[in-house]
Amino acid sequence: ILLTGYLEYLLLTIDRDGKLFEIITPSNPKERGCQLSVSIRNNGKRIFSSLIKKGVSVDWRDPNVIRLAPVPMYNTFEEVFRFSKIFEAIIKETL
């Protein structure tokens, strides 16, 4: 719950007004697992491919969704933070 909440917080700080992407997974932790689905407004497949090239394990769902799953057994808060910086840089590169 805490790790996914932290990821959600970091994503919302990257795009405060929701112009670049939208988290479509429910924000209520009781209505989701550890996965967040992020609907990308533009260049979603390109952003996904860039994340993969950077060594980030994410999942793609047509037409424009990147799924992120910080699993506590395998991921740390530091890794989630590093992911957010990689994601933010890639998002800004594609504008």
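If you read the sequence from its start, that first residue is 1, and numbering goes on from there. Values below: every heavy atom of this structure, side chains too, minus hydrogens, waters and symmetry copies.
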Item checked: Flag if over 12 foreign heavy atoms under 6.0 Å of CG, Leu12 ->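 Yes, CG of Leu12 has more than 12 neighbouring heavy atoms, counting only those of other groups under 6.0 Å.
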List the atom pairs, donor and acceptor, that lie under 3.5 Å between side-chain atoms in residues 82-95 and the rest of the protein, sequence neighbours left out.
residue, atom, partner, partner atom, Å
Ser84, OG, Phe81, O, 2.6
Glu88, OE2, Lys92, NZ, 3.2
Thr94, OG1, Ile90, O, 3.4
Thr94, OG1, Ile91, O, 2.8

Which residues pass the side chain to side chain donor-acceptor pair (under 3.5 Å) test with [X], not counting sequence neighbours?
X: Asn43; value: none
X: Arg67; value: Asp59
X: Arg41; value: none

Item checked: Cluster link Tyr9 to Leu11, ILVMFWY, side chain under 4.5 Å ->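 Yes, it is one cluster - the side chains of Tyr9 and Leu11 are joined through contacts under 4.5 Å.
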Minimum heavy-atom distance between [X] and [Y], given as atom pair plus value:
X: Val71; Y: Cys34; answer: CG2-SG, 3.9 Å
X: Tyr74; Y: Glu79; answer: O-OE1, 3.5 Å
X: Asn64; Y: Ser39; answer: ND2-OG, 3.4 Å
X: Val80; Y: Pro70; answer: CG2-CB, 3.8 Å

Item checked: Nearest-0.5 Å distance that lies between atom CG in Leu7 and atom CG in Asn75 ->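 It is 9.5 Å, given to the nearest 0.5 Å.
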Next item on the list: Please list, chain by chain and in numerical order, all residues satisfying ring pair (Phe, Tyr, Trp, His ring centres under 6.0 Å) with Tyr6, sequence neighbours excluded.
Entry: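 Only Phe77 meet the ring pair (Phe, Tyr, Trp, His ring centres under 6.0 Å) criterion with Tyr6.
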Can I get a per-line list of side-chain donor-acceptor pairs under 3.5 Å for residues 16-27, giving both atom names and the distance, sequence neighbours left out?
residue, atom, partner, partner atom, Å
Asp17, OD1, Lys19, N, 3.4
Thr25, OG1, Ser37, N, 2.6

Can you check whether [X] reaches [Y] side chain to side chain, under 4.5 Å on heavy atoms?
X: Arg32; Y: Asn28; value: no
X: Leu68; Y: Gln35; value: no
X: Val65; Y: Ile40; value: no

Margin query: I'd like to know if the side chain of Thr13 and the backbone of Leu10 have a donor-acceptor N/O pair within less than 3.5 Å.
Written below: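 Looks like yes, one N/O pair under 3.5 Å.
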